[in-house]
Amino acid sequence: MKNIAVIGSGTMGNGIVHVFAQHGYKVAMIDISQDALDKAFKTIEKNLDRQVKKEKITEADKKATLENITPFTAIKDGVVGAELVVEAATENPDLKFKIFEELDTLVGPDVILASNTSSISITEIGAKTNRPDKVIGMHFMNPVPVMKLVEIIKGFKTSDETLNTIMELAKGLHKVPVEVNDYPGFVANRILMPMINEAISTLQQGVAGVQEIDTVMMLGMAHPMGPLHLADFIGLDVCLYIMQVMYEGLGDDRYAPNPLLVKMVASGNLGVKTGSGFYVYTPGSKDKVVAPQFAK
Ligand code: CAA
């Protein structure tokens, strides 16, 4: 494969574009607004600069990576000639189903359609197309250029051939692919999100403060970020949505979202992207302070 199309240029989409382009693929970066594409391009450039500064790549690698990316505002134009399409649009089932229905009519029958969904059923997405054997989950982790894992999700009808192709492709990106089956939350979020939810319950019950809970997990369990900081980084709306998918899909009270998480999402305190969650963030800075609602 040489030509890849990526749908969505948000946090995950631009990271996926970055990684493919850095490994020599010609990448069509597709989003509905030119503004979003311009922003994504700047983010990729900034993240490549970090890699140059750390001497992980050269200036020439950076230039070649950027030259491999072509932006498009229409799916039908961006997918022309693509041998693989990776969808990384907003985590909304109806939107994803619509995109896959459309893709199925736009690209040749041999093209593999992958979704970066963190929780929506790959089997259900596949059922929207006439090629469920060629629909697969390719769940990258944030920040995509840094995290080694790609969770590869096999839908009920995904063929072994599709699975093997995508496993090999991920290895070629210097990632470590792990094959998992299609159940709510897959593996990554089935384990991560209940931990985050439990950290929120611990805070809600007054067992400890925000910083204390994060410090316990960072220094006691060697996590790079505490669970409340990580929840802010992922987005509290995303955490809530994934908990709801698991609560409904697995029918077990263990996955019931904590009411404090529900309340924070309702108030629009979604974490880093809104500037405030469990912490308050200063744009362009690594500094953060505990949000006033949780300050002692
Ligand atoms: N692009 C390129 N490089 C980046 C980067 C980016 N977006 N972000 C960070 N880096 C690089 C830095 O340049 C730095 O490089 P060196 O190791 O060479 O120094 C390295 O990554 C570490 O970054 P920083 O020094 O800036 O900061 P840090 O040490 O605090 O690490 C972190 C930041 C990598 C985000 C780290 O805190 C971490 O691993 N956090 C946990 C992330 C995590 O759990 N992600 C999964 C979330 S769940 C998910 O994505 C799936 C889902 O469905 C919800």
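When a ligand or atom number is given, it counts from 1 through the structure's own listing order. Values below: all heavy atoms of this structure, side chains included; hydrogens, waters and symmetry mates excluded.
- Assignment of V144 to the shell around ligand 1 is not supported, since no heavy atom sits closer than 4.0 Å.
- Look at K98 and E101 and you find no salt bridge, because none of the NZ, NE, NH1 or NH2 atoms lies under 4.0 Å from a carboxylate O.
- Contacts classified as ring-ring contact (aromatic ring centres under 6.0 Å, His included) and involving residues 262-287 (residues at least two apart or in different chains) are given here: H229-Y279, F278-F294.
- Atom 53 (O) of ligand 1 has its closest protein heavy atom at H139 NE2, 2.8 Å.
- The side-chain contact (heavy atoms from CB on, under 4.5 Å) test with M167 singles out one residue from V178, V150, I152, and that residue is I152.
- Side-chain contact between T129 and L103 is absent, with no heavy-atom pair separated by less than 4.5 Å.
- Residue-ligand proximity: M12 is placed with every non-hydrogen atom at 4.0 Å or more from ligand 1.
- With a 4.0 Å cut-off on non-hydrogen atoms, K53 does not touch ligand 1 at all.
- A salt bridge between D237 and K273 is present, with a side-chain N of the basic residue lying under 4.0 Å from a carboxylate O of the acidic one.
- Remark: minimum distance from atom 4 (C) of ligand 1 to any protein heavy atom is reached at V146 CG2, 3.1 Å.
- What sits closest to atom 27 (O) of ligand 1 on the protein, heavy atoms only, is K286 NZ, 3.2 Å.
- Ligand 1 lies less than 4.0 angstrom from a heavy atom belonging to N189.
- Here the heavy atom of the protein found nearest to atom 39 (O) of ligand 1 is P224 CG, 3.6 Å.
- At a cut-off of 3.5 Å, with distance as the only test, no side-chain donor of D133 or S159 sits close to an acceptor on the other residue.
- Nearest to atom 44 (O) of ligand 1 among the protein's heavy atoms is L230 CD1, 3.5 Å.
- Using a distance-only test at 3.5 Å, with no hydrogens or angles considered, no donor-acceptor pair links the side chain of N189 to the main chain of L192.
- Remark: atom 33 (C) of ligand 1 lies closer than 4.0 Å to no protein heavy atom.
- When hydrogens are left out, the protein atom nearest atom 8 (N) of ligand 1 is R50 NH2, 3.2 Å; that is the closest non-hydrogen contact.
- Residue, atom and distance of the protein heavy atom nearest to atom 19 (O) of ligand 1 are K54 NZ, 2.8 Å.
- Partners of H223 under the ring-ring contact (aromatic ring centres under 6.0 Å, His included) rule, at least two apart in sequence or in another chain, do not exist in this structure.
- The residue from H139, R190, E151 that alone fulfils the side-chain contact (heavy atoms from CB on, under 4.5 Å) condition with V180 is E151.
- Atom 1 (N) of ligand 1 lies below 4.0 Å from at least one non-hydrogen atom of the protein.
- At a heavy-atom cutoff of 4.0 Å, ligand 1 is contacted by the side chain of L192 but not by its backbone.
- Within ligand 1, the atoms closer than 4.0 Å to a non-hydrogen atom of S118 are 53 (O), numbered from 1 in the order shown.
- Residue H18 places every heavy atom at 4.0 Å or more from ligand 1.
- Within the 4.0 angstrom cut-off, atom 22 (C) of ligand 1 has no protein heavy-atom neighbours.
- Remark: distances from the non-hydrogen atoms of K56 to ligand 1 include one below 4.0 Å.
- Of the listed residues (L163, L113, D182), just one forms a side-chain contact (heavy atoms from CB on, under 4.5 Å) with I136, and that residue is L163.
- Counting protein heavy atoms only, atom 46 (C) of ligand 1 is closest to N142 O, 3.5 Å.
- A salt bridge links E91 and K96; the closest N-O separation between the charged side-chain nitrogens and carboxylate oxygens is under 4.0 Å.
- F20 has its ring centre less than 6.0 Å from the ring centre of Y25.
- Residue M141 touches ligand 1 through backbone and side chain together, judged by heavy-atom distances below 4.0 Å.
- For the side-chain contact (heavy atoms from CB on, under 4.5 Å) with K62, the qualifying choice from E67, Q22, E45 is E45, the only one to do so.
- Shown in contact with M225 at under 4.0 Å from a heavy atom are these atoms of ligand 1, numbered in order with element: 37 (O), 40 (N), 41 (C).
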